[in-house]
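I have placed the structure first, in the form of structure tokens, so that the comments after it can refer back to it.
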Amino acid sequence: QKEVEQDPGPLSVPEGAIVSLNCTYSNSAFQYFMWYRQYSRKGPELLMYTYSSGNKEDGRFTAQVDKSSKYISLFIRDSQPSDSATYLCAMTQNYGQNFVFGPGTRLSVLP
Amino acid sequence: DTEVTQTPKHLVMGMTNKKSLKCEQHMGHRAMYWYKQKAKKPPELMFVYSYEKLSINESVPSRFSPECPNSSLLNLHLHALQPEDSALYLCASSQSPLAGGPDTQYFGPGTRLTVL
């Protein structure tokens with residue numbers, strides 16, 4: 001079993017749709033959870049990070065963490081073609097230990 | 001300023017060449033990283049520097065040689081690479097573990113390396 005799993009997609013949605021991206025993980029020691037967006041041929045860009053369980057909202061993006069289920073989600077409301085990218089979840093234990101990426105989900109938002 | 005810069009953007013080199021990749025950040029971060037990313041794969045950690053000292057080497061071949069001249073700069077020296085080393089090389093930085101808080105990493109745009 002991989003430490004972090006993520007549906008690779010590709011996921012295609014129409015413009016304006018609500019997108020749900022998810023990761024599951026096996027290491028209960030993870031406490032910090034991040035979502036990165038990576039456009040083709042570019043470096044990953046940090047979108048959001050959350051600590052422990054709960055929700056965090058930033059504009060059209062909402063991150064959710066459920067540590068009891070070892071499951072994290074990123075929701076994108078009113079999706080735009082410019083949201084088309086690969087979305088990588090990442091997580092780490094305290095103080096920089098064991099930073100791990102998920103394999104990434106490719107998202108296409110169709111105009 | 002949350003910018004990490006990398007030069008060059010593109011690099012083509014032969015197997016006998018020696019070249020260097022450069023990375024710079026001015027966020028006061030004390031941890032810097034090199035990653036290698038192949039197409040449609042997540043980044044793979046290569047090296048971690050913490051307070052200018054190499055703290056993690058993920059069993060990377062010696063043809064890759066990292067260097068951290070100061071807290072803002074990170075280099076990756078390349079020598080006798082193989083075609084399979086062609087990839088996007090990403091630099092990242094984060095607060096030092098001693099600062100507490102999440103090890104949130106900020107990435108540069110990468111150097112696309114092609115080895116002929």
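Letters A, B, ... are given to chains in the order of the sequence lines, protein chains preceding strands, and every chain is numbered from 1.
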So, the part of B:Gln6 with a heavy atom under 4.5 Å from chain A: the answer is neither

Let me check something: do B:Leu88 and B:Leu11 share a hydrophobic cluster, defined by ILVMFWY side-chain heavy atoms less than 4.5 Å apart, either directly or through other members? no

I'd like to know which of A:Pro103, A:Gly104, A:Ser40 tops the heavy-atom pair count under 4.5 Å against chain B. A:Pro103

Heavy-atom count around A:Lys67 NZ within 6.0 Å, excluding the residue itself: above 12? yes

Linking I/L/V/M/F/W/Y whenever any side-chain heavy atoms sit under 4.5 Å apart, do B:Val48 and B:Val60 land together? no

Under 3.5 Å: donor-acceptor pair, side chain of A:Tyr36, backbone of B:Gln105: yes

Linking I/L/V/M/F/W/Y whenever their side-chain heavy atoms sit closer than 4.5 Å, directly or via other members, would A:Ile72 and A:Leu107 fall into one cluster? yes

Would you give the length of the straight line joining atom OG1 of A:Thr86 to atom NZ of B:Lys41, rounded to the nearest 0.5 angstrom? 12.5 Å

About how many Å separate CG of B:Leu90 and CD of A:Gln38, when rounded to the nearest 0.5 Å? 6.5 Å

To the nearest 0.5 Å, atom CZ of A:Arg41 lies from atom NZ of B:Lys9 at 13.5 Å

By the definition side chain to side chain contact (heavy atoms under 4.5 Å, CB included), identify the one residue from B:Tyr106, B:Phe107, B:Tyr35 that meets it with A:Pro44. B:Phe107

A:Arg77: what forms a salt bridge (charged side-chain N to carboxylate O under 4.0 Å, His left out) with it, not counting sequence neighbours? A:Glu57

Do other residues, nucleotides or ligands put more than 12 heavy atoms under 6.0 Å from B:Lys38 NZ? yes

Please flag which part of A:Gln6 lies under 4.5 Å from any non-hydrogen atom of chain B: side chain, backbone, both or neither. neither

Taking atom NZ as the centre, does A:Lys56 end up with more than 12 heavy-atom neighbours from other residues, nucleotides or ligands that are less than 6.0 angstrom away? yes

Taking side chain as C-beta onward, heavy atoms only, is A:Leu88 less than 4.5 Å from B:Pro43? yes

